[in-house]
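Order of the sequence lines sets the chain letters (A, B, ...), proteins ahead of strands, with each chain counted from 1.
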Amino acid sequence: MDNHSSDSLYQRIYKLVKQIPAGQVATYGQIAKMVGNCGPRQVGYAMSHTPQAQNIPWQRVVNSQGRISVRKDGAEDPRQMKLLKQEHIIFSKSGKIDLVEYGWFGPDWEWMQQNGYQQALPPGVEN
DNA sequence: CTGATGACGGTGC
DNA sequence: GGCACCGCCATCA
């Protein structure tokens, strides 16, 4: 344990994203804070490079508005919403996920501490 | 080394 | 609610 210092930033991001349970979502900014305040863009970059072999639930990371972020070509990946709906996540008419209802605020906080992550709540969620 | 890029976020209008 | 900027920072050419 505690080998996070030998993990690359992306490996730390992947390890964390794998902790998000089905039916819940985290934001890029939230993940960024958890791994130690790296830029949210790095999280997005990491998600665009997810190794298939590691089976990372990349679909559970959305932007701060609770929306699926568009790719560089200006379009969403249609697989993302499909996968999230399969996990019983409901989208509003305008295509947004309610972060207060579905946002992940780290029920497994002990695990995060042991692995060197910091706490971070989804936008709009208070203690 | 330097500059460009990007699955972001916050602010301001 | 939407849109335009600007700051961000690891990677990459």
Side-chain angles (χ1 to χ4, degrees):
Chain A
M1 65 179 81
D2 200 279
N3 60 339
H4 62 272
S5 54
S6 61
D7 286 346
S8 70
L9 172 64
Y10 287 9
Q11 278 307 316
R12 281 172 53 66
I13 291 173
Y14 295 147
K15 189 185 284 187
L16 183 57
V17 169
K18 283 165 100 174
Q19 300 301 312
I20 306 173
Q24 293 184 37
V25 295
T27 68
Y28 297 97
Q30 201 183 341
I31 300 294
K33 285 179 184 171
M34 285 176 173
V35 299
N37 256 34
C38 74
R41 309 200 81 147
Q42 276 55 259
V43 180
Y45 207 91
M47 290 304 99
S48 69
H49 286 64
T50 48
Q52 293 287 326
Q54 295 192 37
N55 198 23
I56 296 156
W58 54 270
Q59 74 272 21
R60 294 178 195 144
V61 185
V62 298
N63 64 31
S64 64
Q65 309 166 78
R67 275 188 128 292
I68 293 171
S69 286
V70 297
R71 310 314 198 241
K72 66 178 178 181
D73 62 6
E76 299 174 2
D77 185 333
R79 295 175 300 169
Q80 189 163 7
M81 183 180 287
K82 184 182 177 187
L83 286 168
L84 292 175
K85 283 181 175 175
Q86 287 174 1
E87 298 178 1
H88 308 107
I89 288 175
I90 306 297
F91 287 78
S92 73
K93 290 181 186 175
S94 53
K96 295 203 302 189
I97 296 169
D98 183 350
L99 293 177
V100 175
E101 181 169 4
Y102 297 104
W104 180 51
F105 30 90
D108 211 341
W109 173 224
E110 237 177 73
W111 178 93
M112 291 203 284
Q113 274 192 133
Q114 290 173 358
N115 287 273
Y117 293 103
Q118 299 173 33
Q119 188 174 32
L121 296 171
V125 177
E126 305 294 331
N127 290 329

When the distance from CD of A:Q30 to P of B:dG10 is rounded to whole Å, what number comes out? 11 Å

Side chain of A:S64 - closest among C:dG7, B:dG9, C:dC9: B:dG9

In terms of side-chain heavy atoms of A:K96, which of C:dG1, B:dA7, B:dG6 is nearest? C:dG1

Atom NZ of A:K72 and atom P of C:dC12 are separated, to the nearest Å, by 13 Å

Shared hydrophobic cluster for A:V43 and A:M112 (ILVMFWY, side-chain gaps under 4.5 Å): yes

Any donor-acceptor pair under 3.5 Å joining the side chain of A:Y28 to the base of B:dA7? yes

In whole Å, I'd like the distance from the OH atom of A:Y10 to the C1' atom of B:dA7. 12 Å

A:M47 side-chain proximity, nearest of C:dT11, C:dG7, B:dA7: B:dA7

Can you tell me if A:Y14 uses its side chain to pair, donor with acceptor, with the backbone of A:A46 under 3.5 Å? yes

Kindly say whether, by distance alone, the side chain of A:Q65 makes a donor-acceptor pair under 3.5 Å with the base of B:dG9? no

Residue mapping more 5' on DNA chain C - nearest nucleotide basis, A:L9 or A:P40: A:P40

Quick check on DNA chain B: between A:K33 and A:D77, whose nearest nucleotide comes earlier from the 5' end? A:D77

According to a hydrophobic-cluster definition based on side-chain heavy atoms being under 4.5 Å apart (Ile, Leu, Val, Met, Phe, Trp, Tyr only), do A:V62 and A:W104 belong together? no

With heavy atoms under 4.0 Å as the rule, sort A:V70 into base, sugar-phosphate or nothing. sugar-phosphate

Integer-rounded Å distance: B:dT5 P and A:H49 NE2: 15 Å

Taking atom P of B:dC8 as reference, at what distance in whole Å does atom CH2 of A:W58 sit? 13 Å

For A:Q59, which of A:Q80, A:E87, A:R79, A:Q86 qualifies under side chain to side chain donor-acceptor pair (under 3.5 Å)? A:E87

Please give, in whole Å, the distance from B:dG9 C1' to A:R67 CZ? 16 Å

I need the CD1-P distance between A:I13 and C:dA10, as an integer number of Å. 10 Å

Would you kindly give the CG-to-C1' distance between A:L99 and B:dC8, to the nearest whole Å? 14 Å

Any idea which of B:dA7, C:dC9, B:dG9 is nearest the A:Q42 side chain? C:dC9

A:Y45 has its side chain closest, among C:dC12, C:dA10, C:dC8, to C:dC12

Could you tell me if the side chain of A:V61 sits less than 4.5 Å from the side chain of A:I20, heavy atoms only? yes

